[in-house]
Amino acid sequence: MPELPEVETTRRGIRPALVGHPVTGVVVRNARLRLPVPNDLETHMSGHALRDVRRRAKYLLLDFDSGSLIVHLGMSGSLRVVSRSAPVGSHDHVDVLFGCQVLRLRDPRRFGLLTWQDGDPLDHPLLAHLGPEPLEPGFGGAWLHQVTRGLRIPIKQALMDSKRVVGVGNIYASESLFRARVHPLTPAGRIGLVRYRRLADAIKETLTDAIRAGGSTLRDYVGGDGRAGYFQQHYFVYGRDGESCRVCAALIDRRVVAQRATFWCPRCQRR
DNA sequence: CCACGCTCCTGCGCGC
DNA sequence: TGCGCGCAGGAGCGTG
């Protein structure tokens, strides 16, 4: 499940291989993703050189002088640079050809999307109203405190709403709350500034650590076989219900909160 | 604005 | 060993 660190690692993996190279073709084998893949991609991109690969939330933005290709990996998507002769798998839905190199989107569950935006991709309706990036100035404890006044939903659910902060998915929500020692079911509006500062710091640390861990797998994004790439991570609580807390040895709890599996240590994390 | 539940899709793990 | 069921998950969107 690509969360922000995986998307950032993908960006860093594909960027150096492709920037400056012109698109020579587009192959769409299956256009049925979360949004239909436009059928005029080739018209927009062919002959235009890739200028940059940026990230906003979990969206990858491939900038050309004619506009931007916007890609979201959903929960099973991957984007890799492979050679033209690489075998095509059954879930390899889109290829963007850059001469002998191919940028290949694989997405078994098809929750991802790939679309085109003329002009500034940040103006796209899916991107225009997103909250702040967790690793950039503007996001911090004061912001979280401000945007949670009056909220009664659990803090874990509030963190996963992209209008408050982007890029905190199901895994890192639980992990960040553990690091901040905040119980995931605490009503968001009842958490004070001091604990929100701790939580914002924990989010930054959790994501930064995961991106660092992803750095060691960067080679998997260029020339890899498309199976490797999702890096192993050492989780404190995610997926560890019934196991011992790595800090205090209490047994990790699990509960479904807002349709999402949620994990916490009942001793380390207080409401 | 807020809260909640539905939806897309397929691989995988589990139970029998 | 093989089969079939149900869960997992990002995030937009509709409803009350």
Side-chain angles (χ1 to χ4, degrees), chain A residues 1-11 29-37 55-61 70-79 89-94 105-115 117 121-134 144-176 184-191 203 206-207 210 226-230 232-233 235 237-243 252 254-263:
Chain A
M1 49 265 101
E3 293 225 25
L4 186 142
E6 286 85 348
V7 178
E8 178 61 22
T9 299
T10 298
R11 185 186 78 81
R29 297 184 196 82
N30 186 350
R32 297 176 52 220
L33 302 184
R34 178 152 69 88
L35 293 180
V37 178
R55 179 186 60 73
R56 173 72 172 109
K58 295 178 189 169
Y59 294 92
L60 285 166
L61 313 175
I70 300 175
V71 182
H72 194 288
L73 299 177
M75 68 160 293
S76 62
S78 63
L79 207 49
S90 60
H91 302 297
D92 292 338
H93 305 311
V94 181
L105 175 69
R106 170 174 298 185
D107 187 2
R109 297 186 194 179
R110 294 197 273 124
F111 278 23
L113 70 87
L114 184 149
T115 193
Q117 170 78 1
L122 301 180
D123 290 337
H124 191 281
L126 290 171
L127 303 179
H129 306 290
L130 292 173
E133 289 287 332
L144 281 182
H145 185 256
Q146 178 190 324
V147 296
T148 52
R149 290 311 84 198
L151 276 191
R152 285 173 295 178
I153 54 171
I155 179 58
K156 196 263 190 172
Q157 191 183 344
L159 282 183
M160 292 177 63
D161 187 327
S162 63
K163 70 181 180 235
R164 300 191 181 89
V165 59
V166 299
V168 181
N170 200 43
I171 295 173
Y172 295 120
S174 282
E175 290 296 303
S176 300
L185 296 177
T186 314
R190 295 189 51 198
I191 297 175
I203 289 169
T206 304
L207 294 175
R227 284 187 293 106
Y230 294 129
Q232 288 298 317
Q233 259 234 275
Y235 296 130
V237 290
Y238 184 81
R240 299 193 65 241
D241 50 314
E243 298 177 40
I252 300 302
R254 174 193 191 273
R255 219 184 99 179
V256 174
V257 177
Q259 353 267 37
R260 294 292 177 260
T262 303
F263 303 87

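Quick caveat: nothing in here was measured; it's all calculated off a predicted structure. Residue numbers begin at 1 in each chain, while the letters A, B, ... track the order of the sequences.
Atom CG of A/Asp161 and atom P of C/dG12 are 9 Å apart (whole Å). In this entry the distance linking CG of A/Asn170 with C1' of C/dA8 reads 9 Å, nearest Å. Between the NE2 atom of A/His72 and the P atom of C/dG12 there is a distance of 7 Å, given to the nearest Å. Following rounding to the nearest Å, A/Lys163 (NZ) and C/dG12 (C1') show an atom-to-atom distance of 12 Å. Residue A/Leu33 contributes atom CG, which lies 17 Å from atom P of C/dG10 at whole-angstrom precision. Separating the CG atom of A/Leu113 from the C1' atom of C/dA11 is a distance of 10 Å, rounded to the nearest angstrom. The CG atom of A/Leu130 sits 13 Å away from the C1' atom of C/dG10 (whole-angstrom rounding). Following rounding to the nearest Å, A/Arg149 (CZ) and B/dC2 (P) show an atom-to-atom distance of 12 Å.
Although no hydrogens or angles enter the test, the distance criterion places a donor-acceptor pair under 3.5 Å between the side chain of A/Glu3 and the main chain of A/Ile171. Remark: the backbone N or O of A/Tyr172 is not paired with any side-chain donor or acceptor of A/Thr206 at under 3.5 angstrom. At distances below 3.5 Å, at least one donor-acceptor pair connects side-chain atoms of A/Thr262 with backbone N or O atoms of A/Arg260. Judged purely by atom type and a 3.5 angstrom limit, A/Asn170 uses its side chain to pair as donor or acceptor with the backbone of A/Ala261.
Across A/Leu4 and A/Lys58, no two heavy atoms sit closer than the pair N-CE, 3.8 Å. The two residues A/Ala57 and A/Val166 come nearest to each other via the heavy atoms CB-CB, 3.5 Å.
Surrounding CZ of A/Arg255 are at most 12 heavy atoms belonging to other residues, nucleotides or ligands under 6.0 Å away. Counting non-hydrogen atoms of neighbouring residues, nucleotides and ligands closer than 6.0 angstrom, the CZ atom of A/Arg149 exceeds 12 such neighbours.
Checking A/Phe263 against A/Ser162, the closest nucleotide of DNA chain C that is more toward the 5' end is the one next to A/Phe263.
Relative to the axis of its first five pairs, the axis of the last five pairs of the helix from B/dC2-C/dG16 to B/dC16-C/dG2 sits at 50°, rounded to 10 degrees.
Side-chain contact between A/Val237 and A/Glu175 is present, with heavy atoms from C-beta onward closer than 4.5 Å.
The side chain of A/Tyr172 places no N or O atom within less than 4.0 Å of a non-bridging phosphate oxygen (OP1 or OP2) of C/dG10.
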Quiz item: Could you run down nucleotides 3-11 of chain B 5' to 3' and tag each one B, S or - for protein heavy-atom contact under 4.0 Å?
Solution: SSBB-BBBB
